[in-house]
There are 2 protein chains.
Amino acid sequence: MAKTTKGEQTRTRILESALELFRERGYEGTTMRAVAESAGVSLGNAYYYFASKEHLLQAYYGNIHEQHAAVAGPILEQEKELEKRLKGVLRAKLAVIEPYHRFSGLLFRTAADPKSPLNPFGEESAEARSKGIDLYRAVLDGVKLPPDIAAELPELLWTYSMGIVLFWLHDDSPGRARTHALVDGSTELVVKIIRILSNPLLRPLRKSALEMLAAIRTPPS
Amino acid sequence: MAKTTKGEQTRTRILESALELFRERGYEGTTMRAVAESAGVSLGNAYYYFASKEHLLQAYYGNIHEQHAAVAGPILEQEKELEKRLKGVLRAKLAVIEPYHRFSGLLFRTAADPKSPLNPFGEESAEARSKGIDLYRAVLDGVKLPPDIAAELPELLWTYSMGIVLFWLHDDSPGRARTHALVDGSTELVVKIIRILSNPLLRPLRKSALEMLAAIRTPPS
DNA sequence: GTCTATAACCGGATAGAC
DNA sequence: GTCTATCCGGTTATAGAC
């Protein structure tokens, strides 16, 4: 019963008002005052629940991940081949975010700022990030790989998926055709490269790559 | 003599005050009021010369490329080996942008927004982008490569360099050690990969990669 | 201790007089 | 080309209600 305290309800009302207004008028076109009014609360009250306007966006993108995970689940249960699993998950992502293409620029805009709470590499998104990485761990589930790569690959694939999203943001081709070409082409390549790198002859190359990854990793704080 | 009209001088004064304050206090920490005061003009007058605070940043962006090209030139004249050429140019970039680390996030923030004129993939930066790509063309100058890759490589390297900068933005390790590890490790890898891909046996892989690149390329408008 | 409201602050941006 | 006055919206301080 702790789930629908009055506070929870108010919080939800504010968030939903905000998301609706964002969709209607875009992010910049939506004022915190309008959000508060539309939710039937005072401005100060809105700030009691959401520390900033950006945090409202963060909730918005949190939703996206949940939707993505929900759509990706069935795909992963059905497909066994790595390339299809990866491609399916990426296509699902594109489908989920498509309605928000218009103002997703805002995501990257803030995400690229190291100081923003939305920054996917920052502390505040640690949870969202690890959920995202988990999804790519699931993609690799049941795939045979040399153990040294296997440990690193989920995070690498997640990073790769972020690159795809960045490309998508800038893609205004009809039906997002260019991004789809990128997904189709790059998943094929990624899988081929993984296969090639799995070759024992290339173990030295793999090793130096993995050493680099260790060196650039953020020390756990 | 058209060069130093009163207007030009005022404009320069405002810009220099701004860049100095940005370096000292960061972008967000610098108010337009402070910029105006430090330049000895009124707030409104500052806006007469620069349409927004962001436009002040744009000026910085242009400076950086010029500095980078100037520093990179001598390096390329001296080094003959691809890995050293690439590493040298990337290190030069890091050296040039280091003083601005504190507020470069902001730059990227706007630059990553597809609607921003600063966005490096957009139309308005076409010239800046092609200059950047030219620099990596120069890096490859004199390097023997299969012609199919040779055509694509400058743009790929440029994109790769943007990735390095993105990483640097988020790097708060002492002396930017992690980014330097990334540069050292990744240039080595990049060169190895280019070598491997140059192997005639891998021509099919190369071919599908190049086909993908063609498919995702923005149609010339 | 959890929640809500009002008033004010601050800084980016604009209008319009000189 | 320069100024002053003002707007606007994100954010904060703070007082009090439940």
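All chains are named by letter (A, B, ...) in the order of the sequence lines, taking the proteins before the strands, and each is independently numbered beginning at 1.
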Exercise for review: Please identify each residue that fulfils salt bridge (Lys or Arg N to Asp or Glu O under 4.0 Å) with B:Glu24, with sequence neighbours left out.
Suggested key: none
**Study point:** Which residues share a salt bridge (Lys or Arg N to Asp or Glu O under 4.0 Å) with B:Lys53, sequence neighbours left out
**Key:** none
Point to revise | Contacts of A:Glu79 that satisfy salt bridge (Lys or Arg N to Asp or Glu O under 4.0 Å) - sequence neighbours left out | key: none
Study note, to complete from the structure: Applied to residues 172-184 of chain B, the salt bridge (Lys or Arg N to Asp or Glu O under 4.0 Å) test, sequence neighbours excluded, yields B:Arg91-B:Asp184, B:Glu98-B:Arg176, B:Asp171-B:Arg178
Check your understanding: Considering residues at least two apart in sequence or located in another chain, which fulfil the ring-ring contact (aromatic ring centres under 6.0 Å, His included) criterion with B:Trp158?
Key -> none
Revision key, fill the gap. Protein heavy-atom contacts under 4.0 Å, written 5' to 3' over nucleotides 2-18 of chain C as B (base), S (sugar-phosphate only) or - (none), form the string SBBBB-B--BBBB----
